[in-house]
Amino acid sequence: MRKPFIAGNWKMNTDSAGAVALAAGLAKELSSVDTVDVAVCPPFVYLQSVAAALSASNVALGSQNVYFEEKGAFTGEISCAMLKDTSCAYAIIGHSERRHVMGETDAMINKKISAAISGGLLPIFCVGELLEDRQGGTTNEVVASQIKNGLEGICAESVQAVTVAYEPVWAIGTGLTATPEQAQEVHAMIRGLLTELYGNEIAQAIRIQYGGSAKPSNTAELMAQPDVDGLLVGGASLKVEDFAAMIKTIA
Ligand code: 13P
């Protein structure tokens, strides 16, 4: 049985005091939740203060990105070792805003996934189609290609560190949520592809999150789908009461 996994992607939001208050509020609200894995992914500059606010809580820490080189002349980038050093367990990789705003390619994402696993981080590997892909009927093709390219060369043992996050780009920050049926259809396709690549046992164990305007009011229906194992939450993860409500719905 896959344990549900909910992660909050704070994106480029909060400030120093707000990040700590949000983390401390979640630590308190979620102190009795142990049936759901929870993580928050603050901006890099607040990782250390959020880590302190989460110490002794059951909320884990993640980053929103990572670079694949170990160290050196890569101005502005952050390594896996640096993230481990700030208590990060997870790293979001290949978020649609990284792909479509910052120009990250499947090849870069593949290197990041590989570096994260070698460096002891658990990748949250994001995939998802654009509105034009969905309207053109190529959703499955686009997402399958992102999965295959992103996981190229990742062996069966390593892939077990990965959580896949299906985030249809047209549903991110727009208030448009994929219907539970639309989410399930793509999640089932992804699990089928993972089965082809890694076999049934591993594919059944990998968690697939949905992301895109997930909020307290649609959490139960999304999570009721057999292949939706969790949520990657943007806007609704910025309020203690909303994010905690979603987790308690699932717990
Ligand atoms: P929203 O929940 O704000 O739509 O963002 C989803 C997302 O991109 C999480 O990574």
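Remember, it's 1-based here, ligands and their atoms both numbered in the order they're listed. Note that this is a predicted model, so its numbers are computed, not measured.
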Per-atom contacts, ligand 1 versus [X] - under 4.0 Å to a heavy atom:
X: G212; answer: 4 (O), 6 (C)
X: A171; answer: 4 (O)
X: N9; answer: 9 (C), 10 (O)
X: S213; answer: 1 (P), 2 (O), 4 (O)
X: G235; answer: 1 (P), 2 (O), 3 (O)
X: G234; answer: 1 (P), 2 (O), 3 (O), 5 (O), 6 (C), 9 (C)
X: E167; answer: 6 (C), 7 (C), 8 (O), 9 (C), 10 (O)

Taking the non-hydrogen atoms of K215, is any one of them nearer than 4.0 angstrom to ligand 1?
no
Taking only Lys NZ, Arg NE, NH1 and NH2, and the carboxylate oxygens of Asp or Glu, determine whether D106 and R99 approach each other closer than 4.0 Å.
yes
Heavy-atom nearest option to atom 4 (O) of ligand 1, drawn from A7, G173, S96, S237
G173
Side-chain donor-acceptor distances from residues 81-89 under 3.5 Å, at least two apart:
residue: K84; atom: NZ; partner: G120; partner atom: O; Å: 3.2
residue: T86; atom: OG1; partner: M82; partner atom: O; Å: 3.4
residue: T86; atom: OG1; partner: L83; partner atom: O; Å: 2.9

State whether the number of non-hydrogen atoms from other residues, nucleotides or ligands found under 6.0 Å of Q48 atom CD is greater than 12.
no
With no hydrogens and no angle check, is any side-chain donor or acceptor of R98 less than 3.5 Å from a backbone partner on G103?
no
Looking at atom 5 (O) of ligand 1, what's its closest protein heavy atom, distance included?
K11 NZ, 3.2 Å
Approximate separation, where rounding is to 0.5 Å, of L232 CG and Q209 CD:
5.0 Å
Tell me, do V127 and I190 make a side-chain contact under 4.5 Å, heavy atoms counted?
yes
Ignoring hydrogens and angles, write down the donor-acceptor pairs under 3.5 Å from the side chains of residues 17-35, residues two or more places apart or on other chains.
residue: E29; atom: OE1; partner: K248; partner atom: NZ; Å: 2.6
residue: S31; atom: OG; partner: K28; partner atom: O; Å: 3.2

